[in-house]
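This report concerns only the one structure given below.
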Amino acid sequence: MTQAEVDDTLKRILEHKGVTGYLIINNDGIPIRTTLDASLTQQYAALVRSLTDKARSSVREIDPTNELVFFRMRTRKHEILIAPDKEYILVVLQSTDVQ
Amino acid sequence: MSTDQRKRELEEKRAKLEKMRQEKMLKNTPTTPMTPGFASIPAMTLTTTREDADPDKILKEVGILQTASLPATSPSVSPGSAGGASASASSSQQKRRPPSSIALQICQQPTATISVPPKELVTYSKEVQTIESGDKDPAASPIQHEHLQWDDEFPQPTAGERNQLVYVSDEDTMSFDENTKPSIGMSLASVAKLERTRSLKQQNKQFSLQGQSSLVKQELTNEEREQIQKSEQFQDFFSRSARIIERSLWESPQAFDLFKDYSGRESDEQNEKMDVGEIIKFDREFFDERWTRHRIVTCIDTSTYHPELVLASYSQNDESTHESDGVVLIWNTKFKSKPTPEYVFNCQSWVTSCVFSKFHPNILLGGTYSGQIVVWDTRTNKRTPVQRTALSASSHTHPVYCLQVIGTQNANNLISISNEGKMCSWNIEMMTQPQESMDLAYRTKPVAATRMVFPGVEVNNFVIGSEEGQAYSGSRHGNKAGIQDSYEGHFGPITGLSCHNVNGSVDFSSLFLTSSFDWSVKLWSLKESKPLNSFEVNSDYVTDVRWSPVHPSVFLTCDITGRFDIWNLNHDSELPLLSTTLDGNVALNKCLWSHNGQQIILGDDQGKLRLYDVNEFLTNPKQDDFNKLSSTLQEFKRNTLDAFDDNHPTSVPTTTTAATTSATSVSHNS
């Protein structure tokens, strides 16, 4: 995938119904690419990273051969989709009020 | 040595002894050497126990005679101090009687208490021997806990902790100063817990503050960000995660309904059922704005490993020159609303035929217009082929119109056939040159093949359709390698070829269908050089024909007017069961049944793939369908024989034309 295709895909994700923004962070919690504002980005970066780590370690503890693949949190206002990976985490926020 | 002197000496010595004793009591030495030894005595450092033990002995040594002593001891006095030891030893034995006359002082000796702290037993629990990652608060362990409480007293271990300690003490206004230390001791446990949670909270805040500060410090510059995004790791990660996210995004609208709308679930299920009267029902279409616009669908295939995946190859896009000529897309039928392809692959020249590798779950193969055969791998992240055949005379130089993977899991080959009549067999692992190649020629005339099929699980015998309109059967190996029989009947190039492949009570594997530009579809048997039947309901080029993989008497045709027909030979051998023309000015180029026979996929010349669900009675053959088909075939034979009898029984061309005319007349009649 070239950079342009990455951009295209992200744009497509953003245009999807209800999506309010996305965020790509690396394992240190540093945002690489985001559509949220700075303070929100920082918050999400720190919180999502620790949350993902916790989820990942919980899954591993229950069964060491298992691993976290996808993480979806539905809250009253948003749905947070987290796709974790070895080095990076892609987070997409989707609003539930649209429906 | 007068007695007076002696007495004076006695007195002095006694006083000295007393003084010594008192000094000893005052000093109160804690450690008592257990072995005083006689050496200490001349130095006059008498231990208390020693004194208690035998004052007589001591007195004897200094030459003092005990008044209460027996007369037997008197001779012991005379030798003096030198022999006093032996004498006193003997005398002391006799002197076990408590010498009450001597002022023995029984003093209370405070026992020296030595307290040795118990050996600290350090234990490890067998499960967890390391600190949990991410759980770095020192407030967790009780020992360091004390450090937190009385931070003034104990030395700070590390700088970091000190910060936290300071943090805690600043905000902590409860009872954690030194005055209330003793009172805390009782309720230490509960307080400790409170302290722990509070300190945890503060810790997290501290961490987040620290984190934020560190983020601020480490925030990437734009160049760094660009760099990361260009890196391969990022691309890998992104293609994987974006796919997952897109799928879940497209699934979530229904999921929302599940949460909010209680009746939503029922309305979803209602859409699944199809009326019995309906033969087919439109399911969905696959179209990608960027990749499939202005391209013709040249080949479709479904995967054996993942039946929901559909592979489609497209011709070149004449409108836009900067896009790559060869495009192959994999679509996923499982996710109903996701409109984008799962995978996109490119190559240099447009792809004329494509196929999933039956025995490798991640390999796709494509034959191109230039004669190259390319291999794509879905495991890699690249869109370009991982392997390419060389453009040489040993392989193809004309468009590769047909690819098929034959064989078994362990011994499989790719057979390709090109327009020049060359058939090559390849090993998928090594595509640099073909394993073997064969020039197909029928009576020294090369066959310009457009279609090729290996019936069933055959690896040797095949059927070929050519541009001139003849179909040929041949074999790859054996005595008569090459083309053997020809089947003449069509007047135009053969566009579609399909061999019967349904396992049932009766074996129809010698049947095959051909479609051609001459507006007809013909049914053949491998054993006969004349067609068994001809279906002439189309009024334009028929572009493809396919037997159903599950029903013995059903097949599908499509033509260039956008019309597709489903035939059921048991129902009616003259007219199709269903004939539909698509709206708009579309021309259908390819059609395919899904592996389970429940869906049909149609590809048109505008880059769209349409999927239709097929009614159940066409996918579940009944037992007598096979028998019915045999009887239908008998009928066909009878028809041709009748036509044969009716006309002149000599020349072949006339009989064929007569057969076709009689067939058409029959169709008109019915």
Side-chain angles (χ1 to χ4, degrees), chain A residues 1-3 5-10 12-19 22 24-26 28-34 38-39 41-43 45-47 49-51 53-54 56-57 60-61 69-72 74 76 79 81-92 94-99, chain B residues 128 132-135 204 207-220 222 224-261 264 289-290 337-340 344 381-383:
Chain A
M1 276 187 123
T2 65
Q3 181 59 26
E5 281 154 5
V6 168
D7 292 336
D8 264 349
T9 312
L10 284 172
R12 206 171 47 224
I13 290 178
L14 201 55
E15 283 168 356
H16 186 91
K17 187 162 53 171
V19 172
Y22 64 81
I24 303 180
I25 55 177
N26 74 351
D28 299 329
I30 305 173
I32 294 183
R33 192 160 169 165
T34 172
S39 66
T41 304
Q42 299 288 5
Q43 272 189 314
L47 297 169
R49 186 185 69 81
S50 49
L51 188 62
D53 281 346
K54 192 70 182 168
R56 215 183 253 150
S57 61
R60 275 279 170 86
E61 251 188 71
V69 167
F70 192 68
F71 193 174
R72 193 179 206 173
R74 185 169 283 114
R76 200 152 293 283
E79 181 163 7
L81 302 109
I82 302 174
D85 200 76
K86 282 189 195 51
E87 292 98 23
Y88 305 97
I89 303 176
L90 169 62
V91 181
V92 174
Q94 197 181 18
S95 156
T96 57
D97 290 339
V98 179
Q99 298 290 334
Chain B
V128 177
E132 261 183 59
S133 65
D135 211 354
N204 282 343
F207 265 140
S208 61
L209 278 178
Q210 275 180 356
Q212 284 187 5
S213 62
S214 68
L215 275 176
V216 166
K217 276 182 236 156
Q218 293 179 35
E219 187 164 288
L220 301 173
N222 275 340
E224 279 180 354
R225 284 221 189 89
E226 293 290 311
Q227 203 60 30
I228 288 179
Q229 286 186 52
K230 285 198 179 62
S231 75
E232 202 179 305
Q233 277 180 336
F234 184 83
Q235 306 284 0
D236 266 352
F237 143 77
F238 190 79
S239 55
R240 270 198 306 269
S241 322
R243 200 171 285 138
I244 298 177
I245 289 255
E246 280 213 275
R247 282 187 204 158
S248 55
L249 273 179
W250 286 108
E251 286 304 294
S252 44
Q254 292 159 358
F256 281 148
D257 284 347
L258 287 177
F259 272 82
K260 285 197 180 172
D261 192 12
E289 184 59 45
R290 181 178 174 205
S337 22
K338 183 176 176 218
T340 51
V344 179
N381 239 354
K382 299 192 326 177
R383 287 199 172 172

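Every chain is numbered from 1, with letters handed out A, B, ... down the list of sequences. When reading the values below, keep in mind they use all heavy atoms of this one structure, side chains included, and skip hydrogens, waters and symmetry mates.
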Between B:Ile245, B:Val344, B:Thr340, B:Asp236, which has the largest tally of heavy atom pairs under 4.5 Å with chain A? B:Ile245
Quick check: does any side chain N or O of A:Asn26 sit under 3.5 Å from a backbone N or O of A:Asp28, one acting as donor and the other as acceptor? yes
Under the ring pair (Phe, Tyr, Trp, His ring centres under 6.0 Å) test, residues paired with B:Phe237 that sit two or more places apart: A:Tyr88, B:Phe234
Quick check for you: among A:Leu47, A:Val69, A:Ile24, A:Ile82, which has the greatest number of heavy-atom pairs under 4.5 Å with chain B? A:Ile24
Does A:Phe71 have any ring pair (Phe, Tyr, Trp, His ring centres under 6.0 Å) partners at least two apart in sequence or in another chain, and if so, which? none
Main chain of A:Asp85, side chain of B:Arg240: is a donor-acceptor contact present, judged purely on distance under 3.5 Å? no
Does any backbone or side-chain atom of B:Glu246 lie under 4.5 Å from a heavy atom of chain A? Answer side chain, backbone, both or neither. side chain
Contact class of A:Ile89 relative to chain B, heavy atoms under 4.5 angstrom: backbone
